[in-house]
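Below is one structure, written out as structure tokens; comments come after it.
Letters go in sequence order (proteins before strands), and every chain restarts at 1.
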Amino acid sequence: MKKNHRFFVGLAGVATVVTYLIWTGVSQTMLYYLTPNELLARVKDDPTFHQVGVKVSGRIVPGSWEEATEHTPHRFYVADLEDEATSFAVEYDDMLPDTFNDHENVDAVVEGRFREDGVFEATLVLTKCGSRYEATPEELAG
Amino acid sequence: MTILGEFALWIALPVGLWGAILGFVGGRKQRGDLVLSAERSVYAVFFLLILASAGIITAFVTDRFEYWYVANYSNRALDMFYKVSGLWAGQRGSLVFWALLLSMFSCIAVFTNRNKNREFMPYVVGVLLSVSSFFLMVLLFGDVNPFERLAFTPADGRGLNPQLQNYWMTIHPPTLYLGFTSFTVPFAFAIAALLTGKLDTRWIAITRGWILLSWFFLANGIIFGMRWAYQELGWGGFWFWDPVENASLLPWLTATAFLHSIQIQENRGMLKVWNMSLVSLTFLLTIFATFLTRSGLIESVHTFAENTKIAMIFLTFLGVVTGICVLLIAWRYPLMKSENQIQSFLSRESAFLFNNLIFLGAAFAIMWGTLFPLITEGLTGQAITVGPPFFNRVNLPIGIALLALTGIGPVIAWRKASRRNLAKNFIWPVVVGTAVVAGLYLQGARQTMALITFGVAAFVVTIITVEFVKGTRARAHIEGEGIPIAFVHLVMRNRRRWGGYIVHLGVVMIFTAFAGAAFDREVTQTLDPGESVSIQSAFGHEYTLTYQGLSSPRGQNMLRQAVALMTVERNGVPVGSLTAEKRLYVTWEAPVTEVGIRSTPFEDLYLILASLEDLGGAFENDASSQRATFEVQVNILVGWIWYGGFILTIGSLIAMWPSKASLTPAPRRAAEERVPAEPVGV
């Protein structure tokens with residue numbers, strides 16, 4: 001056992017380092033996954049939540065998209081999937097995915113920070129079409 | 001033909017189940033007749049699944065849209081190539097395809113081992129057929145029958161998602177499936193070893209080729225997926241830590257760990273319990289990967305559709321298999337005593353153990369990050385996710401450590417490395433590695449992690465090169481052969497060792513490519529025809545792209561196409577042109593972006609047509625609708641991933657190639673330990 005002493009120290013070292021990496025990695029990069037309703041409730045309770053990274057999944061409000069220009073970012077509204085009355089503006093300054101549009105019901109996931117002025121500053125916008133991979137028999141018939 | 005396929009699928013399940021029972025009972029009661037019958041069931045299931053697959057393909061090729069599956073993944077205009085590959089384009093067909101591959105490998109395993117490894121066979125057959133039967137049950141009772149018919153026959157199908165109409169996407173899933181399914185064979189032998197109590201290295205010696213084969217397919221499957229993402233997803237990246245990507249990486253990580261740890265068992269008779277656990281874990285992770293893809297449990301771009309029924313079936317299976325593995329290992333624990341002890345911290349055993357531990361650490365971290373939303377939601381009711389920043393943070397240091405071990409492991413001495421062994425092998429590589437870092441630093445590179453990676457990569461490459469040079473020289477000297485001949489003979493005499501080194505070189509190349517991404521640059525600009533955009537490469541030269549305008553040819557299967565043409569100059573010298581497109585497919589609502597890539601050995605010029613001022617006008621060839629926004633990237637070393645993958649393939653093939661007289665200690669050990677075979681029955 002004596003000879004293995006250093007070896008076990010090494011093993012414990014690896015385990016510690018991996019745990020440390022996971023721990024700090026999670027605490028520095030984690031994002032709350034919320035619905036628009038939950039997000040608005042959260043920031044009301046706790047204004048510091050404006051500083052926290054969040055990921056919100058909702059639906060793009062039809063007709064709300066203003067395309068980016070040289071000086072302004074893309075701007076559109078995202079509404080709660082279950083409660084369309086709840087919505088907020090999103091600003092995004094990068095390429096939008098091909099499936100992004102504001103005339104069909106497009107579900108979107110936005111990642112970023114909900115600013116104090118009520119605008120969501122997105123660092124990532126993902127869209128998912130409900131029908132992207134498979135259709136129900138009703139859709140095929142139509 | 002399609003009806004026949006449907007029948008075949010229904011018959012395959014009872015045949016598989018019956019064969020599995022016969023296998024286990026025949027093994028237990030030493031009844032050769034039962035075992036023989038079980039083996040024949042393996043062949044029968046394979047034949048039935050060929051019929052089922054042929055049925056699906058026929059339905060695709062003959063446009064039988066009354067089948068739900070065909071209607072969803074094909075249409076009349078689709079290329080024949082994609083109709084045939086429709087077999088694995090969607091969830092339902094891919095489950096049949098999975099079962100087909102598994103039964104194919106089962107057949108090969110049974111056929112090649114039926115005489116020489118009789119004592120294992122009953123249980124091997126039992127395990128293989130149990131797993132096949134499980135997949136057949138999912139197919140028939142999980143609401144995913146590919147032969148399900150619609151109440152009506154649509155005039156045309158929905159067509160295949162255009163993003164999936166890509167060569168790499170066509171071969172990426174089958175390659176991964178080949179990797180996943182072939183790992184069932186080593187797992188089956190491991191379980192057979194546990195059941196029979198023959199726990200020496202024989203099960204490893206028998207399945208070594210299978211382990212390598214599976215590893216090889218997994219590695220290539222993952223690389224093909226990267227290649228598809230890079231070409232088709234249109235954002236210049238190749239990996240984004242999506243849950244399903246992670247799920248395919250997990251078994252690869254544990255399989256790599258296993259591939260190394262079995263060498264310790266073969267050479268030193270240690271780590272028997274560990275290896276049993278690793279083989280079980282890897283098998284479970286292959287099933288977990290399918291489960292994650294199919295259940296829709298975690299949101300992902302890859303998931304087919306949410307299906308809770310499938311999720312429950314898979315979870316139950318995973319639970320049962322885990323339970324069985326744990327119980328069997330616990331039961332046989334006394335028979336798996338280690339024959340040796342680790343003697344020194346500085347030894348190959350120790351380096352391999354660290355390799356294993358780090359691989360498992362990486363797998364654990366990735367698993368943790370992937371399941372984090374589920375864990376946090378379960379514990380606190382609030383889902384918290386982690387994304388690429390988490391995975392990069394955690395895996396960069398882990399990757400660098402593994403890369404270093406790639407060099408250290410193969411040359412450090414067994415048992416206990418002397419100071420001389422260390423100095424002799426490591427001084428020069430360390431010098432070269434440091435020199436590379438210093439050189440790049442002087443050139444102005446400041447990305448710490450990338451610099452460390454390049455340094456470690458140079459260290460490893462030096463070690464491997466020195467090994468090759470020393471080996472070749474020694475052989476040329478002793479045998480009196482010319483250098484090229486000596487080199488070939490050297491590799492051929494010990495394919496596992498030298499093949500392994502070549503695989504390591506491929507891996508180093510891939511890691512170097514990952515580090516190269518730290519030097520990528522990109523520019524986004526809106527242009528009218530005639531205007532230019534410039535971008536400087538990290539290597540110092542400058543590209544200037546001049547927008548020539550849009551054209552809108554009409555392609556097959558596509559409604560409209562807007563092709564932007566750019567001429568490219570490198571430091572003012574014309575070097576050709578690039579096109580980037582937006583496409584609108586007949587059957588697809590959303591436009592699809594096609595990128596333009598100009599590959600050179602050290603960098604790719606990557607052009608994305610980000611958006612068009614007036615998409616509709618552009619499709620109509622309207623001269624006033626030409627204004628477009630482009631994203632131009634210079635991606636450093638990205639091609640090295642594909643070259644590295646190629647080298648890795650060559651290395652794996654060399655290591656896998658069956659050789660009659662291998663000089664590795666492993667077969668010798670296995671031969672020494674070999675107990676006279678007790679024939680089962682017959």
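Residue Leu360(B): no heavy atom, backbone or side chain, is found under 4.5 Å from chain A. Contacts of Thr385(B) with chain A are made by both backbone and side-chain atoms, with heavy-atom separations under 4.5 Å. Residue contact with chain B, scored on non-hydrogen atoms closer than 4.5 Å, involves the side chain of Met95(A) exclusively. With a 4.5 angstrom heavy-atom cutoff, Pro388(B) does not touch chain A via any of its atoms.
Under the 30°/60° scheme for interplanar angles, the aromatic rings of Phe391(B) and Trp241(B) are found to lie parallel. Relative orientation of the Phe114(A) and His50(A) rings is parallel, given thresholds of 30° and 60° on the angle between their planes.
By the ring pair (Phe, Tyr, Trp, His ring centres under 6.0 Å) test, Phe65(B) is found to be paired with no residue, residues two or more places apart in sequence or in another chain being considered. Under the side-chain hydrogen bond (donor to acceptor under 3.5 Å, both in side chains) criterion, Glu67(A) pairs with no residue, sequence neighbours left out.
Here Leu357(B) is the residue among Leu357(B), Thr376(B), Thr526(B), Ile398(B) with the most heavy-atom pairs under 4.5 Å with chain A. Across Asp94(A), Leu96(A), Leu34(A), Leu21(A), the residue that shares the most heavy-atom pairs under 4.5 angstrom with chain B is Leu21(A).
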Exercise for review: For the pair Phe76(A) and Phe100(A), evaluate ring-ring contact (aromatic ring centres under 6.0 Å, His included) and give the outcome as yes or no after the intermediate values.
Suggested key: CA-CA 11 Å; Phe76(A) 53 89; Phe100(A) 185 96; 4.7 Å; yes
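Residue pairs satisfying the side-chain hydrogen bond (donor to acceptor under 3.5 Å, both in side chains) criterion with at least one member in residues 22-31 of chain A, sequence neighbours excluded, are listed as follows: Thr24(A)-Arg393(B), Gln28(A)-Arg393(B).
Considering Glu581(B), Lys582(B), Glu594(B) as possible partners of Gln561(B), the one that fulfils the side chain to side chain donor-acceptor pair (under 3.5 Å) test is Glu581(B).
Not a single donor-acceptor pair under 3.5 Å links the side chain of Asn355(B) to the backbone N or O of Ala351(B). With hydrogens and angles ignored, the 3.5 Å screen pairs no side-chain donor or acceptor of Tyr32(A) with any backbone N or O of Gln382(B).
Annotation: residues 40-47 of chain A contacts chain B through Arg42(A) [non-hydrogen atoms, separation under 4.5 Å].
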